[in-house]
Amino acid sequence: MSRAYHISDFAAFLRKYGASERDRAGRTEEPLRDGSQRTRPDCDRQQHSNQSRNGYDRPRTIYRGRNREYCLRESEVQTLTDLGKFRMVPADDLARFAYRGDRSRMESDLHSLSRQGLIEQRSIEGHSSYSTRVLTLTKDGHRLLERAQLVSNRQAIYHGLVKPKEARHDADLYRLYHKVAREIDDSGGKLRRVVLDYELKKDLYGKLSRVDPNKKLTYERIRVANECDLKVVNDKIPVPDLRIEYEDECRELRRLDLEIATRDYRP
């Protein structure tokens, strides 16, 4: 069973282990919820309002994809980006963090997104053999995020479920992220990017595959690990479950690596 993290758990950790470096490639703003500061050359948009069940207007934007149009609320766009960043998100956690406990509003958005073919809902075996409802992007949802430029071009996005044995572990990452994200925000920082282990491993293994076999492997492994902001431990390069890139209050780029431990892990 995952540990019940508390916000205060990360205050000292952020101060001590948040690795700092200047962003060489230049900083890319995370997209706003309404995307008002981003240009979308491939996606014409029209806005209109519709009366919600709660009696207030919830504006929708029409996004034109390659083959069809999608009519989305601001909150639905944010849900799509969350699912894309984390690959899968438990419905209970989405209601708690993204919708601030407003489950009826979440269910309305999920119904709309499912009807338009942008997300799918699945059940995975949770801890103690209970079923957990999780949400993922479909291929169409993934294409829409890319085509409409709804996320930064530095942010990797995913769709579909991973291997079943990894799904339960990965489903906990969204909750862990929000615990730490709140601490970063409270300290004056600004979140920039989420990096899952899939992306880190792809970059790491790609660099290792290009190592000159005539050079000493031990030193080359250390060099590659440093390039990925990782460390060599017992001749191996451990990859964290989640890396959060953010700017601190002084606008220094920092990286925080997190590992989530569950009862499934060996001692």
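We're numbering straight along the sequence, starting at 1.
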Side-chain heavy-atom pair [X], [Y] within 4.5 angstrom cut-off:
X    : Y    : answer
V77  : E74  : no
L242 : V180 : no
L173 : V194 : no
R221 : D235 : yes
Y70  : L80  : no

[X] with [Y]: basic N within carboxylate O range, under 4.0 Å:
X    : Y    : value
K216 : E220 : no
D82  : K85  : no
E199 : R87  : no
D197 : R243 : no

Please round to the nearest 0.5 Å and tell me the distance separating atom [atom1] of [X] and atom [atom2] of [Y].
X    : Y    : atom1 : atom2 : result
M88  : E120 : CE    : CD    : 10.0 Å
R254 : E247 : CZ    : CD    : 11.5 Å
H178 : F86  : NE2   : CZ    : 6.0 Å
E249 : I184 : CD    : CD1   : 11.5 Å
R105 : R103 : CZ    : CZ    : 15.0 Å
R96  : Y174 : CZ    : OH    : 11.0 Å

Between [X] and [Y]: side-chain donor-acceptor atoms closer than 3.5 Å:
X    : Y    : result
T79  : D109 : no
Y158 : D170 : no
H169 : D241 : yes

Using modelled atom types only, decide if a donor and an acceptor are shared between the side chain of [X] and the backbone of [Y] within a distance under 3.5 Å.
X    : Y    : value
Q155 : R193 : no
R251 : D248 : yes
S114 : H111 : no

Sequence neighbours excluded and cut-off under 3.5 Å, please list the side-chain donor-acceptor pairs for residues 136-146, or say none.
| from | atom 1 | to | atom 2 | distance (Å) |
| --- | --- | --- | --- | --- |
| T138 | OG1 | G117 | O | 2.6 |
| T138 | OG1 | L118 | O | 3.2 |
| T138 | OG1 | D140 | N | 3.4 |
| T138 | OG1 | G141 | N | 3.1 |
| D140 | OD1 | R143 | NH1 | 2.8 |
| H142 | NE2 | I157 | O | 3.2 |

- Message: Which Ile, Leu, Val, Met, Phe, Trp or Tyr residues join L230 in one cluster when any pair of side-chain heavy atoms under 4.5 Å counts as a link?
- Response: V195, L200, L204, Y205, L208, V211, I222, V224, V232, I237, V239
- Message: More than 12 heavy atoms of other residues, nucleotides or ligands under 6.0 Å from CZ of R223: yes or no?
- Response: yes
- Item | Over 12 non-hydrogen atoms of neighbours within 6.0 angstrom of OH in Y219 | no
- Output, in order, the C-alpha distance, side-chain angles, deciding distance and verdict of side-chain contact (heavy atoms from CB on, under 4.5 Å) for L110 and L94. CA-CA 11 Å; L110 296 183; L94 187 69; 4.2 Å; yes
- List for me each residue that meets side chain to side chain contact (heavy atoms under 4.5 Å, CB included) alongside S112, sequence neighbours excluded, and say none if there are none.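 Here the qualifying residues are R60, E76, R115, Q116.
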- Item | Least distance between heavy atoms, S209 atom then G206 atom |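 Shortest heavy-atom contact: OG-O, 2.7 Å.
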- Message: If you compare all heavy atoms of Y63 against all heavy atoms of A148, which two are closest, and at what distance to 0.1 Å?
- Response: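 For Y63 and A148, the tightest heavy-atom pair comes out as CD2-CB, 4.1 Å.
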